[in-house]
Amino acid sequence: MSRDDAESEEPQGQPEQLALIRETVREHKARRPRAKPRTWRGAELAARLPVARVLVDKGLAHLDRFFDYAVPAAMDEEAQPGVRVRVRFGAGEREGRREGGGLINGFIVERRADTDFTGRLAPLAQVLSPEPVLGPELLQLCRAVADRYAGSLADVVQLAVPPRRARVEKQPSARRPPRPQPPAPGGWTRYPQGPAFLEALAGKGAPRAVWTALPGPHGWADELARAMATTLAAGRGALAVLPDGKSAARVDAALTALVGEGQHVLLTADAGPEPRYRRWLAVSRGAVRAVVGTRAAMFAPVRRLGLAAIWEDGDSGHSEERAPQPHAREVLIQRAVTEQAAFLLGAHGCTVEAAQLVESGFARPLAADRETVRAVMPRVRTAAEGDEGRDPAARSARLPSMAWHTARDALERGPVLVQVPRRGYVLRLVCERCREPARCAHCAGPLQATGEGTALRCAWCARETPEWRCPMCAGTRLRGSVIGARRTAEELGRAFPSVPVRTSGGEHILESVPGRPALVVATPGAEPVPEGDGYAAALLLDGWALLGRPDLRAGEEALRRWMGAASLVRPQGEGGTVVLVAEEGMRPVQALVRWDPAGHALRELADRAELGFPPVSRMAAVTGPPDAVEALLTSAQEAGLPEGAQVLGPVPLPVVEPGRPRRPGDPPPGELWERALVRVPRGSGAPLAAALKTALAGRLARREGPVPHVRVDPLDIG
DNA sequence: TACGGCTCTGAA
DNA sequence: TCAGAGCCGTAG
């Protein structure tokens with residue numbers, strides 16, 4: 001039946017009545033939501049502190065300030081700092097007449113005796129709930145995050161305070177349970193500084209550590225939980241931020257095993273809004289002192305925070321997508337400093353940022369000695385690509401023969417992990433002879449092929465390099481290969497016909513696999529955790545693809561992925577072996593063989609310092625329509641870019657490939673946008689953000705057309 | 001955010 | 001000439 005048929009299906013004889021009913025419903029709908037709340041004009045005001053300073057829930061840069069409202073006497077009691085309110089906002093006072101302006105949500109940040117506003121204050125329209133959800137500490141944190149990222153306070157508050165659920169607010173939170181007993185140090189005794197770190201936590205100190213976790217599929221989650229439990233036992237709160245729900249659930253379970261239920265909550269997106277708000281409220285009310293969660297939990301208002309911890313800070317899951325796109329590591333550092341809490345950054349690998357925290361003296365390294373590392377790490381061997389030997393089985397699987405033999409032997413003893421590259425990596429240009437990345441002579445940005453011919457253009461400053469010559473080996477030929485057909489699970493299955501093959505990646509991610517012999521094919525980051533003592537072996541087949549990505553972090557990221565997989569493999573004493581298919585001489589390959597992620601990160605850091613890259617410098621990306629970008633840069637200059645600021649570009653932005661969801665800062669379909677990078681010396685991040693913020697606010701206030709997107713610490717410079 | 005005020009349009 | 005639609009500017 002077509003739509004038209006359905007519409008003509010009205011009962012015969014009463015169309016007028018139906019029309020009448022429809023009309024009434026429409027009128028009703030039109031009228032009901034417009035019902036104006038009482039205007040409090042002329043109403044009696046609160047006797048004490050009759051002014052409420054309000055943060056209006058609007059993330060516009062030029063409205064990033066507080067507004068004062070009068071507090072009607074009837075709201076005096078509930079209108080406390082931190083509560084959600086509704087206020088009239090908009091439409092000014094003209095010729096003595098004030099009317100209109102829409103109702104908008106906000107938060108009271110302060111009750112005051114007076115105002116510096118010269119006009120007449122509008123009254124608060126409504127106190128939405130007496131629950132103080134935006135306390136002074138959380139407000140201060142949000143302000144600091146907004147300032148660091150050139151964002152507005154309202155935007156950050158929106159990330160930090162979950163939307164209200166009235167039903168949940170009415171329920172009281174359970175009473176806070178008594179302090180747990182301090183746990184035994186457990187696996188921390190494997191690290192020379194481990195027990196001392198726990199003792200500092202127990203003594204309410206604020207130690208800061210970059211923890212290079214020993215390999216092993218299960219140790220780290222328990223150790224992280226022990227650090228939290230130690231903090232709880234000392235009477236302070238603890239917060240751990242994990243890159244995904246899966247790892248958060250593991251730490252949550254480990255913490256439950258140590259301190260039981262009731263001491264902590266798990267804050268992840270997959271819990272659903274209502275349970276999530278219930279847990280968040282329990283934290284906000286102080287009924288729960290410990291939080292394990294994914295990135296939104298970085299703002300959790302844990303009382304008397306004693307430990308702020310992050311696991312795998314290199315994982316992209318730690319970077320918030322919504323404006324102003326703060327990173328969990330930076331937010332937790334901020335909290336550790338202002339709330340005088342301990343800071344623990346743990347990972348199997350080591351990011352350049354983590355190395356810098358150590359280098360700058362902010363944090364101390366917390367790592368095991370070489371002997372311990374060697375005892376628990378798997379044996380790591382490299383194999384050259386295409387080194388298939390004469391072995392027909394290896395050839396058919398397109399595996400280097402050593403990888404094939406390793407897998408075959410290991411399959412007698414347990415599961416074997418095979419890490420394969422994901423589709424769609426774009427490769428960067430490197431010297432064909434020595435694999436040195438091709439860089440711009442002017443700003444050291446990455447060079448890109450322009451298409452036809454040999455012209456190379458810098459992806460940062462757009463300058464062309466007509467004749468490139470490798471600064472390391474004087475080579476003149478470049479390599480930038482394309483990903484061909486990938487080894488598939490089927491090919492492997494044919495090479496090992498008697499073994500079950502399981503796959504994990506993309507939409508279909510396996511959380512864990514049994515400890516029985518099986519081939520487990522996974523893309524990086526989707527490796528299932530093996531039950532029992534780990535994989536018998538791992539084959540890392542994606543070396544060249546990971547290393548060839550056109551990203552500043554390619555090496556670091558490759559090593560992180562390899563270490564993530566290799567950490568799931570048994571110690572070499574138990575036969576655990578990792579075969580990495582990659583060029584032996586490359587730095588990240590060497591770092592894996594020696595199991596030295598911190599050393600690798602330090603060397604990367606030195607390189608970045610030499611080239612002026614983050615995190616040694618601070619960068620911000622400005623993206624938008626060409627004239628908007630240019631105008632914003634000009635007004636940022638006028639607002640006062642810090643000494644030594646350098647503008648790179650702008651360059652045209654690649655069009656977002658169809659199908660990929662648009663992220664903030666991406667051009668809308670069909671529009672040609674540009675991106676400029678602003679680089680300042682380390683330590684000048686604050687004035688850089690301030691200048692950009694001023695420029696944004698000016699452009700918004702003057703309504704000069706489209707407003708560019710600003711991102712501090714852009715991820716994909718590269 | 002949603003209101004008042006302004007301009008623009010089309011029909012009488 | 002006027003009513004209505006739609007956009008703009010505003011912000012306690």
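Chain identifiers are assigned alphabetically (A, B, ...) following the order of the sequence lines, protein sequences preceding nucleic acid strands; residue numbering begins at 1 within each chain.
Backbone-only engagement by Tyr69(A) is indicated by non-hydrogen atom pairs under 4.0 Å involving sugar-phosphate atoms exclusively. As judged by a 4.0 angstrom heavy-atom cut-off over every strand, Arg65(A) is placed among the base-contacting residues.
Counting only heavy atoms from C-beta on, His62(A) has its side chain closest to dA11(C) among dA11(C), dG12(C), dA2(B). Counting only heavy atoms from C-beta on, Ala122(A) has its side chain closest to dG12(C) among dA11(C), dG12(C), dA2(B).
Only one option out of Glu320(A), Glu312(A), Glu321(A) pairs with Arg295(A) in a salt bridge (charged side-chain N to carboxylate O under 4.0 Å, His left out); it is Glu320(A).
Going from atom CZ of Arg88(A) over to atom P of dC3(B) covers 7 Å, rounded to whole Å. When rounded to the nearest whole Å, the span between CG of Asp116(A) and C1' of dG12(C) equals 10 Å. Distance Phe107(A) CZ to dG12(C) P: 19 Å, rounded to the nearest Å. A straight line from CZ of Phe89(A) to C1' of dC3(B) spans 13 Å, rounded to a whole angstrom. Computed from coordinates, the Arg702(A) CZ to dC8(C) P distance equals 18 Å when rounded to whole Å. The distance from atom CG of Leu63(A) to atom C1' of dG9(C) is 12 Å, rounded to the nearest whole Å. Distance Leu60(A) CG to dG9(C) C1': 13 Å, rounded to the nearest Å. As rounded to whole Å, 13 Å separates atom C1' of dG12(C) from atom CD1 of Ile104(A).
Checking dT7(B) for Watson-Crick or G-U wobble geometry (two distances, each under 3.5 Å) identifies dA5(C) as its partner. Pair assignment for dA11(C) gives none, since no Watson-Crick or G-U wobble pairing has each distance under 3.5 Å.
Residue Phe67(A) and nucleotide dG12(C) are not classified as a stacked aromatic pair, given the requirement of ring centres less than 5.5 Å apart at an interplanar angle below 30°.
Residues Arg276(A) and Ala269(A) approach most closely at NH1-CA, 4.1 Å, considering heavy atoms.
Residues Asp116(A) and Arg53(A) are paired through a salt bridge, judged by an N-O separation under 4.0 Å between the basic side chain and the carboxylate. Between Arg84(A) and Glu131(A) there is no salt bridge, since none of the side-chain N atoms of the basic residue sits less than 4.0 Å from a carboxylate O of the acidic one.
Here the straight-line distance linking atom CZ of Arg679(A) with atom OG of Ser617(A) works out to 5.5 Å at 0.5 Å rounding.
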